[in-house]
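Only one structure is covered here, and it is reproduced in the block below.
So that the names make sense, note that chain A is the first sequence line, chain B the second, and so on, each numbered from 1. None of the values given here were measured: they were computed from a predicted structure. Just the heavy atoms: all of them, side chains too, but no hydrogens, waters or symmetry mates, feed the values below.
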Number of protein chains: 2
Amino acid sequence: MPKTEEPTIDHEPIAQRALDDRQAAILEAVVTEYIGTAQPVGSGHVAKVAGVNVSAATVRSEMVDLEHEGYLVQPHTSAGRIPTDKGYRFFVDHLTEPGVLGPAQRQKVSRFFDQVHGEMEQMLERTSGLLSDLTSYAAVVVGPTHESAAIRSVQLVGLGPRLALLVVVLADGAVEKRSIELGDDTPDELLAAASTQLQLGLQGRSLAETGVVAKTGDAAVDRAVGVAHAALSDLSSPGEAEHVFVGGPSRLAVAFDAVETVRSVLGILEQQMVVVSLLRDVLDRGLSVSIGVEHGYEPLASCALVVAPVSVDGHDAGAVGLLGPTRMNYPQALAAAHVVGERLGERIGDALGGSGSEDRGAKRPRTPGTKGGRRGR
Amino acid sequence: MPKTEEPTIDHEPIAQRALDDRQAAILEAVVTEYIGTAQPVGSGHVAKVAGVNVSAATVRSEMVDLEHEGYLVQPHTSAGRIPTDKGYRFFVDHLTEPGVLGPAQRQKVSRFFDQVHGEMEQMLERTSGLLSDLTSYAAVVVGPTHESAAIRSVQLVGLGPRLALLVVVLADGAVEKRSIELGDDTPDELLAAASTQLQLGLQGRSLAETGVVAKTGDAAVDRAVGVAHAALSDLSSPGEAEHVFVGGPSRLAVAFDAVETVRSVLGILEQQMVVVSLLRDVLDRGLSVSIGVEHGYEPLASCALVVAPVSVDGHDAGAVGLLGPTRMNYPQALAAAHVVGERLGERIGDALGGSGSEDRGAKRPRTPGTKGGRRGR
DNA sequence: GTTGGCACTCGATTCTACCGAGTGCCAACC
DNA sequence: GGTTGGCACTCGGTAGAATCGAGTGCCAAC
């Protein structure tokens with residue numbers, strides 16, 4: 001058979017000896033069947049599938065090869081085969097088109113984005129619900145980081161005799177706040193003066209680079225300004241800013257039947273920081289899918305993560321993700337994640353009136369070509 | 001023994017024929033044992049327990065009575081007994097003291113409340129983590145409703161040509177926001193004027209009763225004020241305001257071994273509104289514990305909910321709750337919930353500098369007497 | 001009223017037999 | 001050469017029978 005007799009470069013141990021068409025078809029059949037039934041797939045079933053026009057015996061001998069090369073495993077002798085992570089990876093990279101949503105789902109998405117309103121957090125929260133609803137998997141949505149958003153307004157509001165609240169409004173509509181303690185009784189006028197000073201010095205800058213604020217003459221005001229300024233830089237500290245919205249965690253309990261797996265995956269989802277860096281990681285590697293142990297967390301070894309970026313006018317504005325078992329429905333999940341990610345980006349852009357940043361409002365073109373991760377040959 | 005021969009008022013069908021001391025002791029032994037082992041408890045085990053100084057045979061005959069009266073059930077003939085919801089209820093109401101936290105836990109709580117800082121939401125979120133950590137059950141924390149908090153500041157911040165953000169700061173440190181759309185290009189000066197007008201008209205009032213705002217002469221400004229004012233009343237609409245923080249949902253997966261139970265309970269926790277009204281309901285009925293079907297949600301039939309109020313200067317400021325299996329460790333859960341609820345209230349009070357509202361800052365006395373729900377006779 | 005004794009129940013566990021989906025191998029075929 | 005049908009073999013899953021033992025209900029004796 002073809003086997004593409006290259007001189008066995010072997011950058012990866014046994015790995016990328018490309019599969020010939022028939023092997024690919026068989027792998028595809030196994031993956032598809034297994035995703036549907038969660039049962040090991042035998043040569044007989046594969047032989048029946050359209051596209052594989054060979055006998056069960058031939059399928060068997062090919063499956064032995066596929067097993068040697070690490071695409072399939074047998075749970076035990078004389079059982080059917082199950083895809084490995086590598087098998088899923090090949091399937092996702094080479095064998096599946098992103099897929100399209102059904103009309104009902106498409107309509108759900110449209111209706112959702114037509115109706116959704118309210119603040120960013122609420123929108124993200126609900127988006128996570130939508131995604132989970134579309135796919136029956138647990139969904140995660142992380143919003144834009146605010147580090148680079150320009151400051152629109154800074155204000156100090158008195159709450160108590162020595163307590164004030166620093167309220168910062170950013171260009172993307174986010175509001176950050178931090179309570180600060182002031183030395184002694186601080187009259188409202190002083191706060192007003194400090195607010196004005198902060199506003200003058202900071203407006204238009206981003207949280208990440210708050211530079212210096214000019215002094216007024218008044219020592220008391222300057223003190224307040226200093227405290228507020230310190231609190232401000234605290235606001236941009238990492239981890240504090242990013243919110244993660246998890247939708248439909250209960251779906252995990254249907255996706256996995258081992259209660260221990262459910263527990264450990266839920267445990268991961270509880271750690272927002274981990275989730276954020278997980279999504280970011282996957283996107284940074286230019287992928288849309290992370291399967292099994294590809295990401296480094298063992299509790300997620302039996303999970304796959306489908307990620308799509310959210311961007312507004314070409315700028316990174318967060319990500320959406322779907323978390324399910326490795327035997328998840330990749331085409332559907334990819335389609336859902338990308339559509340929702342895209343629409344969410346547009347929606348956020350709309351909400352900001354297209355005047356969000358220095359970019360001219362030219363909507364970035366949709367780029368369906370890059371969807372399935374590295375798409376080969 | 002006592003049986004307290006009251007004339008059998010029978011407001012409940014068979015129910016409150018009080019248990020004599022021996023029956024109570026047996027029930028207690030069964031509940032305690034079952035909580036520990038999750039196995040049906042036989043007469044032999046009960047007879048061995050200190051406090052029950054009778055033979056297994058006697059225990060058996062008493063258990064028959066207890067079963068008739070609905071405190072115990074047998075999963076099948078010739079198995080030990082399991083407490084019913086009614087059994088747990090009696091246990092909670094009459095047989096258990098609130099319990100105290102171990103020194104290690106006590107220290108965790110202290111350290112937590114010494115260290116915790118940042119904004120309300122963050123504090124509540126972390127509190128839910130603490131509670132879950134202390135008890136190994138899932139925890140819920142709902143913050144104060146903002147309806148009655150006085151408005152400290154109202155501000156309109158321009159975000160785009162026709163988009164502005166209404167930012168409201170409340171006396172309790174909460175910041176609410178809502179984006180509003182304005183007719184045509186709206187210069188910053190107009191927004192400033194409208195802000196001032198809103199501020200004048202609304203400061204000191206609560207979100208619930210925003211009354212009327214006086215007109216300026218300027219029609220454009222009045223229009224903006226009107227839009228903002230409408231958005232404001234939208235803010236106080238029910239359901240929108242209350243945030244629920246769920247801590248340690250993964251604990252549910254260890255508390256229940258049936259994956260379907262986990263799924264349905266997680267499903268309930270996803271519905272914030274339900275959770276809020278659940279906690280509120282229980283507190284309104286003057287209880288600290290709701291067991292099994294006492295609350296109306298079937299998915300929670302195998303759960304118990306332990307609730308403690310959070311109050312600041314005697315005012316309702318939310319609640320904390322623990323959700324576990326009906327065979328949860330009630331004394332520990334009650335202790336943890338009440339301590340954390342109390343400390344949280346104090347902490348919020350501190351953060352507001354004791355000047356939160358019209359109440360003079362007299363800390364409300366601790367009232368440990370009311371802890372275990374209706375504690376009778 | 002309490003207790004020890006005793007026959008009985010019934011879920012859980014273990015063992016055995018058996019079924020059948022699926023495999024690996026091989027000889028025959030193209 | 002690759003492909004195919006045939007065949008013996010493997011082994012997890014299921015069903016039934018036997019066994020075990022914790023726990024019960026009942027009763028006679030204390």
Apply side-chain hydrogen bond (donor to acceptor under 3.5 Å, both in side chains) to B/Arg251 and B/Ser132, showing your working. CA-CA 8 Å; B/Arg251 311 279 186 169; B/Ser132 159; 3.3 Å; yes
Does this structure show an ion pair linking B/Glu294 with B/Arg89, if we count only N-O contacts that are shorter than 4.0 Å?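 Looking at B/Glu294 and B/Arg89, the cut-off is met.
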Salt-bridged, A/Asp65 to A/Arg22, with N to O below 4.0 Å?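 Looking at A/Asp65 and A/Arg22, the cut-off is not met.
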How long is the straight-line distance from CD of B/Glu69 back to CZ of B/Phe90, given to the nearest 0.5 Å?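 Rounded to the nearest 0.5 Å, the CZ-CD separation comes to 10.0 Å.
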Could you tell me the separation between the CD1 atom of A/Ile291 and the OG1 atom of A/Thr326, rounded to the nearest 0.5 Å?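 With rounding to 0.5 Å, CD1 (A/Ile291) is 8.0 Å from OG1 (A/Thr326).
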Nearest heavy atom decides the nucleotide; on that basis, is B/His76 or B/Ser55 closer to the 5' end of DNA chain C?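 Nearer the 5' end of the strand: B/Ser55.
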Pick the nucleotide of DNA chain C nearest each of B/Thr77 and B/Ala56; which residue has the one closer to the 5' end?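 Closer to the 5' end of DNA chain C: B/Ala56.
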Hey, where on DNA chain C does chain A first and last touch, going 5' to 3'? Cut-off is any atom under 4.0 Å from a heavy atom.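 Terminal contacting nucleotides, 5' to 3': C/dG22 to C/dC25.
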Could you check whether B/Ala57 gets within reach of a base, just the sugar-phosphate, or nothing at all, counting any heavy atom under 4.0 Å?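 Base contact.
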Verify the contact: side-chain N or O of A/Thr58 to OP1 or OP2 of D/dT3, cut-off strictly under 4.0 Å; return yes or no.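 Answer is no, no contact under 4.0 Å.
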A/Tyr137 side chain vs A/Leu252 backbone, donor-acceptor pair below 3.5 Å: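 No, the answer is negative, given that no donor and acceptor are paired below the 3.5 Å cut-off.
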Taking B/Thr58 for its side chain and B/Val54 for its backbone only, find out whether a donor-acceptor pair lies under 3.5 Å.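 Checked: no pair found.
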Rounded to whole angstroms, how far apart are CG on A/Asp65 and C1' on D/dT3?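 Going from A/Asp65 (CG) to D/dT3 (C1'), I get 14 Å.
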Whole angstrom value for the distance that separates C1' of D/dA22 from CE of B/Met63: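 Interatomic distance, CE of B/Met63 to C1' of D/dA22: 12 Å.
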With salt bridge (Lys or Arg N to Asp or Glu O under 4.0 Å) as the test, pick out the partner of A/Glu67 among A/Lys86, A/Arg60, A/Arg81.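 For A/Glu67, the salt bridge (Lys or Arg N to Asp or Glu O under 4.0 Å) check succeeds only for A/Arg81.
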Would one find more than 12 heavy atoms of other residues, nucleotides or ligands at under 6.0 Å from atom NE2 of B/His45?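 No, not enclosed.
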Go through it in stages, so that I can follow the logic: the residues are B/Ser250 and A/Glu270, the test is side-chain hydrogen bond (donor to acceptor under 3.5 Å, both in side chains), and I'd like the CA-CA distance, side-chain angles, deciding distance and then a yes or no. CA-CA 8 Å; B/Ser250 66; A/Glu270 283 173 33; 2.8 Å; yes
Would you say the base of D/dT10 and the side-chain of A/Ser78 have a donor-acceptor pair closer than 3.5 Å?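 It does, because a donor-acceptor pair links the side chain of A/Ser78 to the base of D/dT10 below 3.5 Å.
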Ring-plane angle category for A/Tyr330 and A/Tyr88, please: parallel below 30°, perpendicular beyond 60°, tilted otherwise.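 Rings of A/Tyr330 and A/Tyr88: tilted, as their planes differ by 30° to 60°.
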In dot-bracket, 5' to 3', how would DNA chain D read with Watson-Crick or G-U wobble pairs under 3.5 Å, [ ] for crossing ones and | for pairs to another strand? ||||||||||||||||||||||||||||||
Below 4.0 angstrom, which residues in residues 26-48 of chain A have at least one non-hydrogen atom near DNA chain D?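 Nothing qualifies; none.
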